[in-house]
Amino acid sequence: MKKTRTLFFVAVSVLLFSCKKDTTITKFPEEIQFVIPPGWASAHYDFSTNKLTTNGFILGRKLFYETKLSQNNAISCGSCHQQQFAFSNQYHALSAGVNGVLGTRNAPALSNLAWQTNFMWDGGITNLEVMPLAPLTNHFEMNETINNVVNKLQNDATYPYLFNNAFGTTTISSQLLLKALAQFMGMLVSSGSKYDKYEKGETSFSTNEMNGLNLFTQKCATCHTTPLFTNLQFMNFGLDSLFNDPGRAGITGAASDSGTFKVPSLRNVALSSPYMHDGRFATLADVLEHYSTGIVHSSTLSPLLNTIAPLTSMEKQDLILFLNTLTDSTFITDARFKNPN
Ligand code: HEC
Ligand code: HEC
């Protein structure tokens, strides 16, 4: 017994040690399995066109945390999408990019991206592989050109080697860069929350959490549908009567989409404050207050929100207790997703 335990510790330390350095690649198995949690639909992103490998994933992770992806070499994807906050940014309502220039939207938490059909609050991007081009070139975010990034990486001491490990070529291209990033982002699966354990019968809910779940099922789940906690649709949540940000209509041009935004997933929502596309609410209590008494009528308001009875303070409290069960501590501490640099 003692011997097995020692061996186990040795194995774990070897693994942890080898995780530390991106260049120690030989300890990892070649192919990674993309695991679909039991009961979930198959993913939207097709990994058969971008075969997941350990080296591809490791490269994608390094790129996600690489400041050379920004114009001033100071900002990485991970600057705005921080693991401890479920890959959102808790400090800023609106994200600050290169030279502190403020954007217009709140950085969403990232998880289960492989199931998403549309990215961004307005759903303007439909492919996980194309996704990084937006922040890379966005003036408010990384303000860089893809050609400059490719050049910087090509002239770096380690990247040609890492691309060779992942894709069998030392010639870096934007396509391979995007494929590697997609491997990392696609692997960000969060399915280990207390709620998931409750669903599997591995833990129980308190009376208040149970009450919160029942309220959630009645009042929220049509839009925040399990297991992703989004129905992947665009809705007007009754925030404004006039729309500063046209939301989905900015992409489709349809008046009926004015002021509608992607229904965000609520996984890890307790960690991803502030809330809404513009980060206007600081706390979950503020969100529930809005839902209870603050819905603003407008032409595109979702009919589902038209008939809302105010929530009692007890109901709000129980809903928040339920939302807290969506926090996945394994996900936010998973060593595989940490900054390797
Ligand atoms: C300056 C902060 C910032 C940086 C840097 C940044 N992002 Fe984001 N990210 C945001 C904001 C803000 C949004 C929402 C933008 C919108 O909806 O218009 C977003 C949205 C996303 C989304 C869509 C999530 C969803 O649920 O729709 C993904 C995926 C993403 N970012 C990945 C990345 C990657 C990969 C990088 C690096 C190449 C990156 N981000 C760099 C702030 C940032
Ligand atoms: C009609 C669809 C709909 C219903 C019903 C609904 N929501 Fe939402 N929810 C949305 C949309 C759309 C947003 C994003 C709105 C925006 O940013 O403009 C949102 C945002 C949120 C956010 C902020 C998430 C973030 O990351 O910023 C929380 C929290 C939330 N909803 C909780 C709830 C709860 C709890 C209920 C039930 C009491 C509920 N919602 C009912 C559509 C809905």
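First listed ligand is number 1; within each ligand, the first listed atom is number 1. Below, each value reflects all heavy atoms present in this structure, side chains not excepted, and no hydrogens, waters or symmetry copies.
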Legend entry - Polar side-chain atom of Glu66 near backbone of Lys68 as donor-acceptor pair, under 3.5 Å: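 Yes, Glu66 side chain to Lys68 backbone: donor-acceptor pair under 3.5 Å.
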Legend entry - Partners passing salt bridge (Lys or Arg N to Asp or Glu O under 4.0 Å) against Asp286 (at least two apart in sequence or in another chain):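 Salt bridge (Lys or Arg N to Asp or Glu O under 4.0 Å) list for Asp286, sorted by chain: empty.
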Does [X] approach ligand 1 within less than 4.0 angstrom via side chain, backbone, both or neither, non-hydrogen atoms only?
X: Pro135; value: side chain
X: Ala134; value: neither
X: Met120; value: both

Inset, instruction - In plain terms, say whether Glu144 and Lys152 are close enough for a salt bridge, that is, a side-chain N and a carboxylate O under 4.0 Å apart. - result: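 The answer is yes: the pair qualifies as a salt bridge.
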Legend entry - N-O pairing of Lys62 and Asp156 below 4.0 Å: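 Result for this pair is no, no salt bridge flagged.
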Please determine, by modelled atom types, if [X] and [Y] share a side-chain donor-acceptor pair under 3.5 angstrom.
X: Thr293; Y: Glu289; answer: yes
X: Ser298; Y: Asn236; answer: yes
X: Asn165; Y: Asn55; answer: no

Inset, instruction - Give, for atom CG of Asn127 and atom CG of Leu178, the distance between the pair rounded to the nearest 0.5 Å. - result: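 Atom-to-atom, Asn127:CG and Leu178:CG are 9.0 Å apart.
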Legend entry - Under 3.5 Å: N/O of Phe64 near N/O of ligand 1: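 No, since none of the N or O atoms of Phe64 sits under 3.5 Å from an N or O of ligand 1.
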Inset, instruction - Check whether any N or O atom of His81, backbone or side chain, sits under 3.5 Å from an N or O atom of ligand 1, and answer yes or no. - result: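 Yes: some nitrogen or oxygen of His81 is under 3.5 Å from one in ligand 1.
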So what's ligand 2 close to, N/O to N/O, under 3.5 Å?
from     : atom 1 : to     : atom 2 : distance (Å)
ligand 2 : 7 (N)  : His224 : NE2    : 2.9
ligand 2 : 9 (N)  : His224 : NE2    : 3.0
ligand 2 : 17 (O) : His277 : N      : 2.7
ligand 2 : 17 (O) : His277 : ND1    : 3.2
ligand 2 : 18 (O) : His277 : ND1    : 2.7
ligand 2 : 27 (O) : Met276 : N      : 2.8
ligand 2 : 31 (N) : His224 : NE2    : 3.0
ligand 2 : 40 (N) : His224 : NE2    : 2.9

Contact atoms of ligand 1, heavy-atom distance to [X] under 4.0 Å:
X: Ser76; value: 5 (C)
X: Gln116; value: 26 (O)
X: Ile75; value: 5 (C)

Legend entry - Close approach of Gly78 to ligand 1, heavy atoms, under 4.0 angstrom: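 No.
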Inset, instruction - Could you give me the CA-CA distance, side-chain angles and deciding distance for Lys219 and Glu315, then say whether salt bridge (Lys or Arg N to Asp or Glu O under 4.0 Å) is met? - result: CA-CA 11 Å; Lys219 293 175 183 285; Glu315 287 174 325; 5.7 Å; no
Inset, instruction - Evaluate whether atom CD of Glu202 has more than 12 neighbouring non-hydrogen atoms of other residues, nucleotides or ligands under 6.0 angstrom away. - result: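 Enclosed.
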